[in-house]
Amino acid sequence: MSQFRDDDGDRTVPDVSEPATSGAIDGKVGKVTAEQTSTGTESAETTGGEMEIRTLLILGASGDLTGRLLLPGLGKLIAQGRTQGLSLVGAGSDDWDQDRWRERVDEAFGSCTEGANDAGLRELRKVQENTEYHMVDVTAEGALAELLGSVKGPAAVYFALPPAVSQQACEVLKPEDVPEGTRLVMEKPFGSSLVSAASLNGTLLRLVPEDHIHRVDHFLGKATVFNILGLRFANRLLEPLFSNEHVQKVEIFYDESLALEGRARYYDKAGALRDMIQSHLLQIMALMALNAPATLHERDLRDHIGSVLRASSVKPDFAKSTRRARYTAGEVDGRKIPDYVAEEGIDPARNTETLAEIEVSINNSRWTGVPFILRSGKALGKKQKEAIVTFKPVNHLPTGFKGVDAPTRLRIGFGPDTLRLEIDVNGPGDIFTLDREVMETNLHSADLLPYGEVLDGILTSDPMLSVRGDIAEDCWRIVEPVLKAWEANEVPLEEYAAGSSGPAGWETSRDDTPMRTVDAEA
Ligand code: NDP
């Protein structure tokens with residue numbers, strides 16, 4: 001059920017992990033009950049007592065995110081009968097008529113009927129028939145306010161707009177323009193620095209309370225979150241071992257074989273550190289490192305995530321604690337890839353990295369001294385999307401064993417979602433010779449598309465998977481000194497051939513963990 005999502009969010013995500021009692025665990029979660037689904041009963045309140053979201057207002061209705069990810073995610077959610085009585089309103093600066101918008105919705109919803117139930121299909125048709133489009137410049141004084149006042153509330157306002165436009169749109173809104181119960185949904189990137197994220201938080205908090213703000217991280221599916229928590233906290237074999245007493249290092253990889261894929265306009269200004277590590281991988285790190293929350297309530301969970309991130313930093317000798325590189329021409333899966341700098345729309349002077357690695361220190365009693373190595377890049381020969389926990393060697397290996405003693409490793413793979421435990425066993429053949437065995441199983445995944453999960457949280461007023469304001473700021477605080485050091489060229493920009501495993505000098509580019517040869521005579 002666990003999963004990492006590609007940045008474009010198009011991996012499917014099941015949802016077995018959601019606790020059966022989800023409504024009860026979080027008093028605010030307002031799941032549509034099976035009974036409501038089958039009867040189509042409409043209610044103004046969620047099961048948790050929160051006002052149910054009646055309208056999803058998508059700003060940027062003609063954009064890429066809306067067409068490719070949001071509408072299909074929404075369609076699947078509705079088709080499964082997980083929401084009811086919802087109005088869908090699209091808005092944008094394009095002069096579209098109602099038919100053009102409806103075509104877009106129909107096209108996206110057309111692929112969502114697989115696995116649908118009757119109530120869901122009815123609901124899907126209703127949404128398709130009643131959806132509306134409004135042409136509006138959201139940055140114009142009073143324009144968004146007027147639109148907000150005209151839709152059925154409470155509404156969730158999805159800012160599927162260029163980040164600067166979203167910010168401007170929020171700045172022109174006045175608190176009195178925002179009806180009670182409105183949710184504001186912000187896409188990534190959330191700000192571009194600690195200062196800008198804090199300022200955006202200030203703007204949003206002027207309009208609605210924190211728990212009505214959803215900062216989307218579609219990468220972090222519910223299944224991913226609960227898989228990690230389940231493994232760590234439901235197993236006596238693992239729970240006590242996650243600490244500096246037993247763990248040597250934790251690595252979190254997100255190596256993609258995809259290259260630029262026409263995304264120069266966005267990526268060349270972002271780079272691997274901002275695009276993946278600043279947001280997604282730090283969140284995963286926090287889940288791997290947090291203390292057990294008392295409950296799975298969003299407050300408990302996000303408090304613990306925040307606590308880990310507040311304790312985290314990158315050691316200031318950045319030439320040692322960070323690495324960056326850019327791909328040159330090569331071949332990935334039989335496809336020829338040009339030099340990154342030769343791709344259309346790239347400005348070589350920006351020195352954008354396509355592979356980044358940072359070593360984060362978590363300065364608390366559980367983790368001090370254990371490096372958390374976060375790495376992500378593009379155009380790599382091997383897709384590697386996993387968290388690897390490498391345990392320390394045993395205090396004493398009985399004399400007499402032979403072969404190689406390799407560290408015990410636990411690997412949580414993301415897409416495909418797997419769990420691997422690498423351990424030493426005896427034999428085969430000579431019973432005194434240590435050998436390596438891998439125990440492997442699949443983890444479960446959710447049955448919604450990534451953006452279906454995101455919207456599910458928003459429409460049920462569950463901020464569990466949304467990035468809380470203080471956490472968004474802390475993620476910038478952690479990486480900002482690194483970004484500055486890179487801008488000042490304190491860390492060399494290395495190169496690697498597309499299709500390789502990264503610069504040869506990087507330990508994370510090598511395949512195997514060093515093993516210790518043991519000797520019967522020792
Ligand atoms: P696009 O550029 O494709 O779409 C932006 C939309 O905003 C367009 O419909 C545009 O209309 C509209 N718009 C721009 N200015 C205004 C305005 N003043 N008033 C009303 N509408 C306006 O961007 P994306 O869809 O790719 O991205 C949207 C957001 O989602 C960004 O924050 C991005 O970072 C984030 N995101 C995108 C992903 C993706 O895969 N696309 C993945 C993850 C996050 P018009 O064309 O008429 O200007």
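Just so it is clear, the values below take in all heavy atoms, side chains as well, and ignore hydrogens, waters and symmetry mates. Nothing here was measured: the structure is a model prediction, and the numbers come from that model. Numbering of ligands and ligand atoms starts at 1, following listing order.
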### Message
Quick check: S62 and ligand 1, any N/O pair under 3.5 Å apart?
### Response
yes
### Message
I want to check something: taking the side chain as every heavy atom from C-beta on, are R411 and E386 in contact at a cut-off of under 4.5 Å?
### Response
yes
### Message
Please classify the V136 to ligand 1 contact at 4.0 Å (heavy-atom distances, strictly less than): side chain, backbone, both or neither.
### Response
backbone
### Backbone or side-chain N or O of L65 under 3.5 Å from ligand 1 N or O
yes
### Query
Checking R232 side chain against L287 main chain: does a donor-acceptor pair fall under 3.5 Å?
yes
#### Entry: Charged tip of K378 within 45° of Y254 ring normal and under 6.0 Å
no
## Note on the structure
Quick note on ligand 1: atoms under 4.0 Å from a heavy atom of G60 include exactly 6 (C), 7 (O), 9 (O), 12 (C)
### Task
Using distance alone, determine whether D94 and ligand 1 share an N or O pair under 3.5 Å.
yes
### Query
Is Y266 in polar range of ligand 1, meaning some N or O pair under 3.5 Å apart?
no
### Message
To the nearest 0.5 Å, what is the distance between NZ on K269 and CG on D347?
### Response
9.5 Å
### Message
Ignoring hydrogens, what is the shortest heavy-atom contact between Q167 and S199? Give both atom names and the distance.
### Response
NE2-OG, 4.1 Å
### Message
Can you tell me how the ring of W101 sits relative to the ring of W96, calling it parallel under 30°, perpendicular over 60° and tilted otherwise?
### Response
tilted
### Test salt bridge (charged side-chain N to carboxylate O under 4.0 Å, His left out) applied to R335 - qualifying residues, sequence neighbours left out
E261
### Message
Does the residue S166 have a heavy-atom contact with ligand 1, meaning some pair of atoms that are separated by less than 4.0 Å?
### Response
no
### Query
Can you find an N/O atom of G92 closer than 3.5 Å to an N/O atom of ligand 1?
no
### Query
Could an N or O of ligand 1 be found under 3.5 Å from any N or O of P162, whether backbone or side chain?
no
### Query
For ligand 1, is R68 a contact, meaning one of its heavy atoms is under 4.0 Å away?
yes
#### Entry: Atoms of ligand 1, numbered as shown, that sit under 4.0 Å from any heavy atom of E187
30 (O), 32 (O), 35 (C), 36 (N), 43 (C), 44 (C)
## Note on the structure
If we number the atoms of ligand 1 from 1 as shown, the ones under 4.0 Å from a heavy atom of G63 are 3 (O), 4 (O), 8 (C), 9 (O), 25 (O)
### Task
Check the side chains of S509 and R375 for a donor-acceptor pair under 3.5 angstrom, ignoring hydrogens and angles.
yes
### Subset of ligand 1 atoms that lie under 4.0 Å from at least one heavy atom of V165
15 (N), 16 (C), 17 (C), 18 (N)
### Query
What part of S93, side chain, backbone, both or neither, has a heavy atom within less than 4.0 angstrom of ligand 1?
both
### Proximal atoms of ligand 1 relative to P189 (non-hydrogen, under 4.0 Å)
34 (O)
### Task
Would you check whether L161 has a nitrogen or oxygen atom less than 3.5 angstrom from a nitrogen or oxygen atom of ligand 1?
yes
### Query
Parallel, tilted or perpendicular: which describes the rings of Y451 and Y158, with under 30° parallel and over 60° perpendicular?
tilted
#### Entry: Nearest-option assignment for atom 18 (N) of ligand 1, heavy atoms, candidates L59, D275, D137
D137
### Query
Taking the six-membered ring of F190, is NZ or CZ of R215 closer than 6.0 Å to its centre and within 45° of its axis?
yes
### Stepwise side-chain hydrogen bond (donor to acceptor under 3.5 Å, both in side chains) check, E473 with N201
CA-CA 9 Å; E473 289 177 28; N201 276 334; 2.7 Å; yes
#### Entry: Atom indices of ligand 1 within 4.0 angstrom of A160 heavy atoms, with elements
5 (C), 6 (C), 7 (O), 28 (C)
